[in-house]
Structure formats: structure tokens, C-alpha cells
S.K.: 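First, the structure itself, so that you have it in front of you.
A note on names: the letters A, B, ... follow the listed sequences, proteins ahead of strands, and every chain is numbered from 1.
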Amino acid sequence: GQQLNQSPQSMFIQEGEDVSMNCTSSSIFNTWLWYKQEPGEGPVLLIALYKAGELTSNGRLTAQFGITRKDSFLNISASIPSDVGIYFCAGRSGAGSYQLTFGKGTKLSVIP
Amino acid sequence: DGGITQSPKYLFRKEGQNVTLSCEQNLNHDAMYWYRQDPGQGLRLIYYSQIVNDFQKGDIAEGYSVSREKKESFPLTVTSAQKNPTAFYLCASSSPGLAGSGELFFGEGSRLTVL
């Protein structure tokens, strides 16, 4: 099946620093989604991207749909302790498809 | 409030027993999903259902069964045939949106531990 390579696997950063993570695929996707999961909870949708080249912000979070349609990036500016969690990317390859492919996640730790 | 409710939050089971996890949504979504999550792993699709009385196997359906008798409900049974059932189970739902681009919304998860 399709696979998404998400990197880095984990990050330790100082409070106030900016964060960047990305997902790449050998296949083309027409939708990219970014989720955040806190311990013991379900993932929460952060940003959805539907067009190649699209750049979308949600507060301090910004995500981009790569122009090749094979990658996506998530940036977090001025990190705060509550940003801690696991961030997942997910992609959908076909219109009408109900199945998403998930990356393995980036675990973010913020040092106060 | 609209959302997805999973129960129980925590469940312990002895080997050889079947167990059923509940998932209910009041979002009026057509599609529902079950995912399994293991430490350090992404989400793996067990089963999904696009409409009532219809469902399809995902990537790791062996040892699991589902039913979709109502739009709001999509229970998952972890059978004794599942070799390694201890995991965190996530239910999700979505509406088709534009051109099938609906986003998934997740419940809070159920953690199953086999003793």
C-alpha cells in the first residue's frame, strides 16, 4: 500500500522556538491533513489542504501542500508548552476515496 | 454537542475472550472507520463503512469484525483470533465533503489490554 514518510520522528525544542516537520510520499495525493494527538486522546484535526501549492494557517500553525503533490509541511511558530504531542500527517490519493494514509508521527517535546 | 463517543475508555480482557468496542456519532456522517494505534506507529485501518449495512476490510482486518446497522453506530469486535489485541483503538467518521474530500474526526479512543 501507499506509505508516507514523516520526519523527524521526534523533536526536543526550547519554548519560543519555531518547529518544522514534513511528510513525503512516492505517490500523488489530492488532500493533505495534519492532526495533533495528546497522550491518551484521539487525534484532532489542525489543518486541511486541498490544492497543490496551498498555504494555510491556523493561529501559530502553517501548513503547505507541496507543488509536486507528493509532500506537505507543517510549521509551528513560537512554540509553547501546550504544543507538546504527536503530530500526524495524512494523505488521500483519490477523489471520492474514503481511505487516508497516515504518517508515523512526529513527537514534539517543548522545554520550558 | 456533536461528536464521536467511544466506550469504554479502558478495557481489560483475558486471552480467548471476545470484546466489543462501541462507537457512536451524532455528526450525521455517512462514513465511519476503525483504526488501531501501537506505540511509535501510525494509524492502521481495520475496517471502514461508507453507508449503513455495508463495510470493507482495511489493512489489518484479520481477527476483527464490525457491523453497521445504524448510521450513528459502528461497533468493533476484537475476537479471540486476533493474535496481538493489546492496543489503542480509534473510531472516526467523515462526510463526503466536496469531491469526497471529507476530513476524518476522531473519538477519544479505547485502550484494550489483554491480560
S.K.: Does the pair L104(B) and L45(A) meet the rule for a side-chain contact (heavy atoms from CB on, under 4.5 Å), with working shown?
M.R.: CA-CA 8 Å; L104(B) 259 64; L45(A) 182 66; over 6 Å; no
S.K.: Which bit of Q37(A) comes within less than 4.5 Å of chain B, counting heavy atoms only: side chain, backbone, both or neither?
M.R.: side chain
S.K.: Quick one: do the E103(B) and Y35(A) side chains pair a donor with an acceptor below 3.5 Å?
M.R.: no
S.K.: Please determine, among F106(B), F105(B), F88(B), the option with the most heavy-atom pairs under 4.5 Å with chain A.
M.R.: F106(B)
S.K.: Answer yes if V52(B) and F74(B) sit in the same cluster of Ile, Leu, Val, Met, Phe, Trp and Tyr residues linked by side chain heavy atoms under 4.5 Å apart, and no otherwise.
M.R.: no
S.K.: Looking only at atom types and distance, does a side-chain atom of K104(A) sit under 3.5 Å from a main-chain N or O of L43(B), one as donor and one as acceptor?
M.R.: no
S.K.: Relative to chain A, which segment of Q37(B) carries a heavy atom at a distance below 4.5 Å: side chain, backbone, both, or neither?
M.R.: side chain
S.K.: So which of P43(A), G103(A), A90(A), S10(A) has the biggest tally of heavy-atom pairs under 4.5 Å with chain B?
M.R.: P43(A)
S.K.: Is it possible for you to say whether L33(A) and Y48(B) belong to one hydrophobic cluster, with membership spreading through side-chain heavy-atom contacts below 4.5 Å?
M.R.: yes
S.K.: Is the number of heavy atoms from other residues, nucleotides or ligands within 6.0 Å of CD (E62(B)) greater than 12?
M.R.: no
S.K.: Side-chain heavy atoms under 4.5 angstrom apart, residues restricted to Ile, Leu, Val, Met, Phe, Trp, Tyr: same cluster for W34(A) and L61(A)?
M.R.: yes
S.K.: So which part of L90(B) gets closer than 4.5 Å to some heavy atom of chain A, the side chain, the backbone, both or neither?
M.R.: side chain
S.K.: Kindly compute the distance separating OH (Y35(B)) from CG (L100(A)), expressed to the nearest 0.5 Å.
M.R.: 5.0 Å
S.K.: A quick test of your reading: do over 12 heavy atoms of other residues, nucleotides or ligands sit less than 6.0 Å from NZ of K71(B)?
M.R.: yes
S.K.: More than 12 heavy atoms of other residues, nucleotides or ligands under 6.0 Å from CD of Q9(A): yes or no?
M.R.: no
S.K.: Taking everything shown except K57(B) itself, do over 12 heavy atoms lie less than 6.0 Å from its NZ?
M.R.: no
